[in-house]
Amino acid sequence: MKQILLLTFLFLSTITIAQDDLLNDLEEEVEIEKFELPAFKATKIINGQSTKLAKKKDFHLIIAHRFGSIKDGISTFFGLDNANTYLGLLYGITDKLNVSIGRESYRKTVTGAVKYKFIEQSEKMPLHIVGYVAMYANTQLSDQTFPDLTNVDRLSYLYQLMFSRRFNENLSLELSPKFIRQNLKYSDYDVYNYMILGIGGRYKVSKRVAITAEYDYNFSRPSENPYQNPLSVGVDLETGGHVFQLLFSNGQSTLEPSYLTYASGDWSDGEIYFGFNIVRVF
């Protein structure tokens with residue numbers, strides 16, 4: 001009887017110890033795999049894409065305005081008379097895969113895009129890594145200006161990788177190499193292919209307010225090209241289901257082939273554009 005009791009005690013003790021060890025191991029795994037909060041609150045830093053994706057089955061309505069140059073003064077109400085508007089829809093197929101469509105009044109451009117998250121920041125992985133591919137159709141082009149114009153000539157493409165890291169509760173940074181292909185040269189100082197490197201960041205100053213900035217350097221722009229590298233600064237305001245972004249930029253477009261290669265403003269002489277983005281999540 002004593003031997004049976006002793007064996008029973010040893011058996012139960014072994015199970016208890018094994019369970020404790022297993023629970024400890026599971027807790028350690030959970031701790032190791034715990035992901036950091038998203039580096040960015042909106043799917044765009046300002047004009048450029050961020051590593052933020054919509055969650056599975058989330059639906060985003062995106063409205064963006066870029067007004068005319070504030071340098072024009074009161075004659076155009078500091079640019080508000082010359083608005084460029086973008087309207088877009090974005091859907092989260094999964095937490096890692098988003099699709100979007102949209103149209104911008106600048107060059108009457110229609111766009112479709114796919115965004116995919118390869119890696120999420122964790123204690124094992126220091127970065128978010130996201131890919132973005134988009135196609136754009138310039139429907140404003142006319143065969144009167146380009147007599148040999150075909151539908152393929154209207155198309156442009158963007159291939160982009162984004163590497164971001166949230167360093168602490170307040171600071172997030174992103175580095176993004178980009179390749180743009182344009183099927184049509186609009187002028188003699190254009191090229192078909194552009195290699196661009198972008199950097200952007202977000203600094204949280206309060207629970208619902210953050211300062212943002214982004215800059216893109218175009219390695220492929222010919223020296224005689226009169227356009228500028230795009231530089232933008234903004235403020236993110238979180239209001240429930242909305243993310244409201246106020247911004248200033250030297251590019252009036254919201255779409256990559258236009259603002260990355262045809263930023264016509266110049267910060268040094270006040271030729272900049274005011275605008276905003278509104279994102280409504282359903």
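Bear in mind the structure is a predicted one, so any value in this text is a computation, not a measurement. This chain uses plain numbering: 1 for the first residue, then up along the sequence.
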### Query
Between Tyr192 and Lys185, is there a cation-pi geometry (under 6.0 Å to ring centre, at most 45° from the normal)?
yes
### Query
Given Tyr259, which of Asp216, Thr254, Asn250 fulfils the side chain to side chain contact (heavy atoms under 4.5 Å, CB included) condition?
Asp216
### Message
Show the nearest heavy-atom pair for residues Met135 and Leu155, with the distance to one decimal.
### Response
SD-CD1, 4.3 Å
### Query
Does Arg107 make a cation-pi contact with Tyr262 (under 6.0 Å, within 45 degrees of the axis)?
yes
### Message
Determine whether Asn277 and Ile62 satisfy the following criterion, side-chain contact (heavy atoms from CB on, under 4.5 Å), listing intermediate values before the conclusion.
### Response
CA-CA 7 Å; Asn277 303 326; Ile62 304 166; 5.6 Å; no
### Message
Please check: side-chain N/O of Gln245 versus main-chain N/O of Gly275, any donor-acceptor pairing under 3.5 Å?
### Response
no
### Task
For Asp188, look at atom CG and say whether over 12 heavy atoms of other residues, nucleotides or ligands are found less than 6.0 Å away.
no
### Query
If you take all heavy atoms of Ile45 and Gly200, which pair is closest and at what distance?
CD1-CA, 4.0 Å
### Message
Rounded to the nearest 0.5 Å, what separates atom CG in Leu87 from atom CD1 in Ile63?
### Response
6.0 Å
### Task
Verify, without hydrogens or angle tests, whether Gln252 (side chain) and Asn82 (backbone) share a donor-acceptor contact under 3.5 angstrom.
yes
### Query
Between the side chain of Ser105 and the main-chain N/O of Thr85, is any donor-acceptor distance below 3.5 Å?
yes
### Task
From the options Tyr159, Phe163, Phe219, select the one residue that forms a side chain to side chain contact (heavy atoms under 4.5 Å, CB included) with Pro177.
Phe163
### Query
Does atom NZ of Lys96 have more than 12 heavy-atom neighbours, drawn from other residues, nucleotides or ligands, at distances under 6.0 Å?
no
### Neighbour count >12 (heavy atoms, 6.0 Å) for atom CD, Glu169
no
### Task
Look up atom CG in Asp266 and atom CD1 in Ile272, then write down how far apart they are to the nearest 0.5 Å.
10.0 Å
### Task
Could I get the full list of side chain to side chain donor-acceptor pair (under 3.5 Å) partners for Tyr203, not counting sequence neighbours?
none
### Task
Not counting sequence neighbours, which residues clear side chain to side chain donor-acceptor pair (under 3.5 Å) with Glu238? List them please.
Arg202
### Task
Could you tell me whether Lys41 atom NZ has more than 12 heavy atoms of other residues or ligands within 6.0 Å of it?
no
### Query
Has the side chain of Arg208 got a donor or acceptor atom that lies under 3.5 Å from a matching backbone atom of Thr239?
no
### Query
So, does Arg166 use its side chain to make a donor-acceptor pair with the main chain of Asn168 at under 3.5 Å?
yes
### Message
Within a 6.0 Å radius of atom NZ on Lys108, are there more than 12 heavy atoms belonging to other residues, nucleotides or ligands?
### Response
no
